[in-house]
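Quick notes on the structure that follows.
Values reported hereafter were calculated over all heavy atoms of this structure, with side chains retained and with hydrogens, waters and symmetry mates removed. First the proteins, then the strands, lettered A, B, ... as listed; each starts at 1.
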Protein chains: 2
Amino acid sequence: MSDLLERLRTRGWRLTAQRRVVAEVLEGDHVHLTADEVHARAAQRLPEISRATVYNTLGELVNLGEVIEVSTDHRAKRYDPNAHRPHHHLLCARCGAIRDVHPVGNPLADLPESERFGFSVSEVELTYRGICPDCTV
Amino acid sequence: MSDLLERLRTRGWRLTAQRRVVAEVLEGDHVHLTADEVHARAAQRLPEISRATVYNTLGELVNLGEVIEVSTDHRAKRYDPNAHRPHHHLLCARCGAIRDVHPVGNPLADLPESERFGFSVSEVELTYRGICPDCTV
DNA sequence: ATCCTACAATGGACGAAGTCCAAGTCAAGT
DNA sequence: ACTTGACTTGGACTTCGTCCATTGTAGGAT
Ligand SMILES: [Mn+2]
Ligand SMILES: [Mn+2]
Ligand SMILES: [Zn+2]
Ligand SMILES: [Zn+2]
């Protein structure tokens with residue numbers, strides 16, 4: 001059993017076949033699948049798994065901090081299992097390809113108190129956009 | 001007539017009542033409306049304006065660089081007429097409130113060549129998340 | 001090993017955001 | 001005033017996501 005599933009079980013997760021395959025599909029680096037892509041891959045291993053369950057499971061994983069939701073403004077949200085090492089994203093404006101990147105510096109420190117307007121700021125999301133090598137003519 | 005409409009007319013835009021009211025609705029600072037909000041406000045002045053026209057007009061304004069699309073991951077995209085001064089956004093995770101912010105520093109310079117993976121990077125979007133004063137108990 | 005039940009899965013209806021199109025309308029150049 | 005190509009319209013359609021009543025089952029209790 002993967003570390004992930006082990007961790008979840010100790011948090012009271014009931015270990016179902018559906019949750020298992022969703023977790024399996026999300027294994028690896030640079031994985032940024034949409035919910036429907038997760039569903040398609042999960043369904044290869046467990047054909048009767050429903051979309052609702054995939055959405056439920058992804059939502060729980062996000063709440064538990066095991067998966068990050070990335071909104072790429074290509075239409076659907078993407079689900080990123082690389083939740084443990086903070087990083088940002090570089091994405092191709094043409095084909096939607098997405099890469100993890102680790103910029104130097106701390107954008108949170110770059111937001112002066114005078115620009116916080118009384119918000120308690122806790123998170124920062126940094127998205128670089130460009131054209132990937134494959135899309136460059 | 002506003003500067004915006006003047007500029008658009010010289011670019012070959014046909015000046016219709018619909019486009020006029022959409023442009024009017026977008027006037028001002030810190031405006032970050034969804035397409036349906038734009039439609040609702042436009043319809044107060046011009047009741048028969050259609051959703052399709054609002055979407056068309058907003059899309060054209062974005063292509064012309066007069067309006068910026070902001071994806072807030074609350075569901076709908078927001079349309080931002082403040083396209084001429086570069087800025088980023090601070091948003092409330094609870095109520096969706098959104099503010100323009102001007103962090104110091106240049107995030108583009110913070111992405112080393114080794115982290116660009118052959119992309120030609122042209123744009124960077126920085127989103128701060130937190131809880132706004134109104135949502136703090 | 002079997003039972004029990006609270007939790008989880010299912011599928012289909014529903015909703016929100018956005019796109020598309022054929023038909024009708026009109027801005028603006030002549 | 002005419003003409004015409006650009007613009008608008010409303011509604012059908014798609015995609016992404018949520019909701020819910022019903023059915024199934026993981027895992028603790030016996
Ligand atoms: Mn990632
Ligand atoms: Mn703005
Ligand atoms: Zn690409
Ligand atoms: Zn708020």
Side-chain angles (χ1 to χ4, degrees), chain A residues 1 5-25 32-43 45-64 66-80 96, chain B residues 1 5-25 32-43 45-64 67-80 96 98:
Chain A
M1 180 186 322
L5 291 177
E6 182 58 36
R7 241 177 296 138
L8 295 173
R9 218 174 51 78
T10 66
R11 296 213 226 173
W13 245 39
R14 201 175 274 190
L15 218 28
T16 67
Q18 291 83 349
R19 288 170 168 182
R20 227 180 271 267
V21 296
V22 169
E24 282 168 13
V25 163
H32 302 94
L33 299 170
T34 65
D36 277 331
E37 286 166 352
V38 171
H39 178 245
R41 297 189 186 195
R45 292 160 168 270
L46 188 67
E48 68 278 20
I49 191 173
S50 71
R51 277 188 352 118
T53 294
V54 170
Y55 275 102
N56 288 341
T57 304
L58 289 172
E60 288 155 9
L61 290 169
V62 168
N63 286 337
L64 293 168
E66 298 288 349
V67 164
I68 288 170
E69 256 176 15
V70 183
S71 20
T72 67
D73 94 54
H74 267 113
R75 314 281 310 290
K77 285 180 192 164
R78 298 188 165 270
Y79 291 87
D80 183 347
Chain B
M1 177 187 320
L5 291 177
E6 182 60 36
R7 240 178 296 138
L8 294 174
R9 217 175 53 78
T10 67
R11 297 213 225 174
W13 248 38
R14 203 175 271 192
L15 217 30
T16 67
Q18 291 83 352
R19 286 170 170 183
R20 228 180 271 268
V21 296
V22 169
E24 281 169 14
V25 163
H32 302 94
L33 299 170
T34 66
D36 277 331
E37 285 166 352
V38 172
H39 179 246
R41 297 190 186 194
R45 292 159 168 270
L46 186 67
E48 68 278 19
I49 191 173
S50 71
R51 279 189 352 119
T53 293
V54 170
Y55 275 102
N56 289 341
T57 304
L58 289 172
E60 287 156 9
L61 289 170
V62 169
N63 286 337
L64 292 167
V67 163
I68 288 170
E69 256 177 13
V70 183
S71 20
T72 68
D73 94 54
H74 267 109
R75 310 281 311 279
K77 286 179 190 165
R78 297 190 166 268
Y79 291 87
D80 183 348
I98 175 170

A:E66 bridged to A:R11 by N-O distance under 4.0 Å:
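Looking at A:E66 and A:R11, the cut-off is met.
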
Any salt bridge between B:E24 and B:R41, counting N to O under 4.0 Å?
no

Check step by step if side-chain contact (heavy atoms from CB on, under 4.5 Å) holds for B:V67 and B:Y79.
CA-CA 6 Å; B:V67 163; B:Y79 291 87; 3.9 Å; yes

Using the closest heavy atom to pick a nucleotide of DNA chain C for each, name whichever of B:Y79 or A:V54 lands nearer the 5' end.
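Counting from the 5' end, the first nearest nucleotide belongs to A:V54.
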
Protein and nucleotides 10-16 of chain D: nitrogen or oxygen contacts under 3.5 angstrom:
none

Does OP1 or OP2 of C:dT10 have a side-chain N or O of A:Q18 closer than 4.0 Å?
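It does, given that an N or O in the side chain of A:Q18 lies less than 4.0 Å from OP1 or OP2 of C:dT10.
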
Between atom [atom1] in [X] and atom [atom2] in [N], what is the gap in whole Å?
X     : N      : atom1 : atom2 : value
B:L8  : C:dA27 : CG    : C1'   : 15 Å
B:N56 : C:dA17 : CG    : P     : 18 Å
A:H39 : C:dT10 : NE2   : C1'   : 10 Å
A:N63 : D:dT18 : CG    : P     : 11 Å
B:L46 : D:dT9  : CG    : P     : 7 Å

Residue B:R45 excluded, over 12 heavy atoms near CZ under 6.0 Å:
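Result for CZ/B:R45: open.
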
Any side-chain heavy-atom pair from [X] and [Y] closer than 4.5 angstrom?
X     : Y     : value
A:L46 : A:I49 : yes
B:R14 : B:R19 : yes
A:L8  : A:L61 : yes

Contact state string [nucleotides 23-30 of chain D, B base, S sugar-phosphate only, - no protein heavy atom under 4.0 Å]
--BBS---

Applying the side chain to side chain contact (heavy atoms under 4.5 Å, CB included) test to A:T34, which of A:H39, A:R78, A:R75 qualifies?
A:R78

